Amino acid sequence: MAGVTVFAQTGTTTPDGLPVLRSATITSATPNVVFSSSSSDVNNAFIINGITVPLLNSGWYKKTGEHQAGNTNYICGDYNNTVYNNFFAVDLRNLSSYGITPPITSAVLHIKRYLSEPASGTFDFTLCAASNSYETINQHYSPSNTTGIAIHNDLGNGIIYANVALDKTVPSSSYEDITINSDGIAAMNASIGSTFVVGGTGSPNTIFVPVPYWAIALVFLSIGLLAVIRFRKRQLAA
């Protein structure tokens, strides 16, 4: 998810005398999310075979496993060092009432964008399979609950149904149409007569940490000096 990769010396060196580096990815306290401040907008829906079917539910899961049943906010990303995955559910039990005759041949998730924080760059958003039932997902889970943690992870690790780069500069009042691929269509057809749930996960655009030119020059100068020192030592030893 959101984060910056940093490097530091370990105190050891390579056989050539160069410093060994280790890396670590750290999250930022600055929010980097999409769908912030979202709710159950009346226009949120799956457009199935060209016909609008309103969402049954939506929500988020924190990486800690926390989920608030009844909270339809579907924030996704890294908010104050907490990673959120989300989900969207649609009732496929009475498609005929909407004038839809199976099989499902096309589906588009139509959702309001709400806020992106910060409102710049892009966000790689992925919809994927959710292996847990809607009944299991639509429960209240307290922080550190093992089932909640498993659901959070599951919402971001299934078969991919869609992947889009969300432009974070778009107005919060606009809507996003995300086309479901053939794997997702097959899963929806298999779910006819029940509730279909899709998980959502993602990450912001890559964050580049600026490095001053003098720091780059210093690195290359240090490498050059090490090479000269090793060369002189070999000459003296000869």
Side-chain angles (χ1 to χ4, degrees), residues 1-3 25 27 31-41 44-46 53-93 107-117 123-164 166 176 178 180-181 183-204:
M1 300 300 296
T25 300
T27 56
N32 216 327
V33 296
V34 288
F35 311 126
S36 179
S37 301
S38 54
S39 63
S40 55
D41 186 270
N44 285 351
F46 269 95
V53 180
L55 286 185
L56 175 64
N57 199 0
S58 59
W60 51 253
Y61 268 82
K62 291 184 180 182
K63 68 178 181 180
T64 59
E66 180 181 354
H67 173 245
Q68 299 172 1
N71 185 347
T72 57
N73 181 292
Y74 47 95
I75 187 173
C76 184
D78 187 342
Y79 191 84
N80 293 340
N81 291 323
T82 298
V83 177
Y84 290 78
N85 286 339
N86 59 19
F87 71 89
F88 304 92
V90 61
D91 190 348
L92 301 181
R93 292 177 296 178
V108 175
L109 178 62
H110 177 79
I111 49 177
K112 191 172 182 178
R113 286 294 303 269
Y114 288 97
L115 298 176
S116 294
E117 301 180 55
F123 190 96
D124 184 38
F125 183 62
T126 300
L127 293 176
C128 53
S131 62
N132 290 281
S133 68
Y134 174 66
E135 290 73 22
T136 300
I137 293 173
N138 190 34
Q139 298 290 328
H140 181 86
Y141 296 102
S142 300
S144 301
N145 182 280
T146 55
T147 299
I149 293 172
I151 292 174
H152 169 272
N153 295 336
D154 177 60
L155 293 176
N157 287 294
I159 297 171
I160 294 176
Y161 293 160
N163 180 258
V164 293
L166 299 179
E176 193 74 28
I178 304 175
I180 305 300
N181 64 22
D183 288 328
I185 296 298
M188 293 184 76
N189 277 306
S191 297
I192 291 177
S194 62
T195 300
F196 174 74
V197 184
V198 61
T201 190
S203 61

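Every value quoted in this text rests on a predicted model; they were computed, and no experiment measured them.
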Give, for atom [atom1] of [X] and atom [atom2] of [Y], the distance between the pair rounded to the nearest 0.5 Å.
| X | Y | atom1 | atom2 | answer |
| --- | --- | --- | --- | --- |
| Lys112 | Ser40 | NZ | OG | 11.0 Å |
| Leu109 | Asn44 | CG | CG | 7.5 Å |
| Tyr84 | Tyr79 | OH | OH | 7.5 Å |
| Asn132 | Ile151 | CG | CD1 | 4.5 Å |
| Thr201 | Leu155 | OG1 | CG | 8.5 Å |
| Leu56 | Leu92 | CG | CG | 9.5 Å |

For [X], give me all partners under ring-ring contact (aromatic ring centres under 6.0 Å, His included), at least two apart in sequence or on another chain.
| X | result |
| --- | --- |
| His152 | none |
| Tyr161 | none |
| Phe125 | Phe35 |

Salt bridge (charged side-chain N to carboxylate O under 4.0 Å, His left out) partners of Asp154, counting only residues at least two apart: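 Salt bridge (charged side-chain N to carboxylate O under 4.0 Å, His left out) list for Asp154, sorted by chain: empty.
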Salt bridge (charged side-chain N to carboxylate O under 4.0 Å, His left out) partners for Glu117, two or more places apart: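 None.
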Non-hydrogen atoms of [X] and [Y] that approach each other most closely:
| X | Y | answer |
| --- | --- | --- |
| Gly158 | Cys128 | O-CB, 3.5 Å |
| Glu66 | Gln68 | OE2-NE2, 3.5 Å |
| Cys76 | Gly202 | SG-N, 3.8 Å |
| Ile149 | Thr64 | CG1-O, 3.3 Å |

Quick one: list whatever passes side chain to side chain contact (heavy atoms under 4.5 Å, CB included) with [X], sequence neighbours left out.
| X | result |
| --- | --- |
| Asn73 | Ser38, Trp60, Asn71, Ile75 |
| Asn57 | Thr72, Phe87, Ala89, Tyr134, Asn138 |
| Val108 | Ile47, Asp177, Thr179 |
| Ala45 | Thr52 |

Identified side chain to side chain contact (heavy atoms under 4.5 Å, CB included) partner of Ile111 from the options Asp41, Leu55, Asn86: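 Of the listed options, the one satisfying the test is Leu55.
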Working for side-chain contact (heavy atoms from CB on, under 4.5 Å), residues Tyr61 and Ile137: CA-CA 9 Å; Tyr61 268 82; Ile137 293 173; 3.9 Å; yes
Side-chain donor/acceptor of His67 to backbone N/O of Gln139, under 3.5 Å: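 Present.
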Steps toward ring pair (Phe, Tyr, Trp, His ring centres under 6.0 Å) verdict (Tyr74, Phe88): CA-CA 8 Å; Tyr74 47 95; Phe88 304 92; 5.2 Å; yes
All side-chain hydrogen bond (donor to acceptor under 3.5 Å, both in side chains) counterparts of Ser142, not counting sequence neighbours: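 Per chain and number, Ser142 pairs via side-chain hydrogen bond (donor to acceptor under 3.5 Å, both in side chains) with no residue.
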Partners passing side-chain hydrogen bond (donor to acceptor under 3.5 Å, both in side chains) against Ser39 (at least two apart in sequence or in another chain):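 Ser39: side-chain hydrogen bond (donor to acceptor under 3.5 Å, both in side chains) contacts with Tyr114.
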Distance-only check: which donor-acceptor pairs under 3.5 Å involve side-chain atoms of residues 191-199, not counting sequence neighbours?
| unit_1 | atom_1 | unit_2 | atom_2 | d |
| --- | --- | --- | --- | --- |
| Ser191 | OG | Ala187 | O | 3.0 |
| Ser194 | OG | Ser191 | O | 2.7 |

side-chain contact (heavy atoms from CB on, under 4.5 Å) assessment of Val34 paired with Arg113: CA-CA 7 Å; Val34 288; Arg113 286 294 303 269; 4.3 Å; yes
Audit row: Ile160, Asp183, side-chain contact (heavy atoms from CB on, under 4.5 Å) steps and yes/no: CA-CA 8 Å; Ile160 294 176; Asp183 288 328; over 6 Å; no
Within-4.5 Å side-chain heavy-atom neighbours: Pro31 and Asn80: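 Yes, at least one pair of side-chain atoms sits under 4.5 Å.
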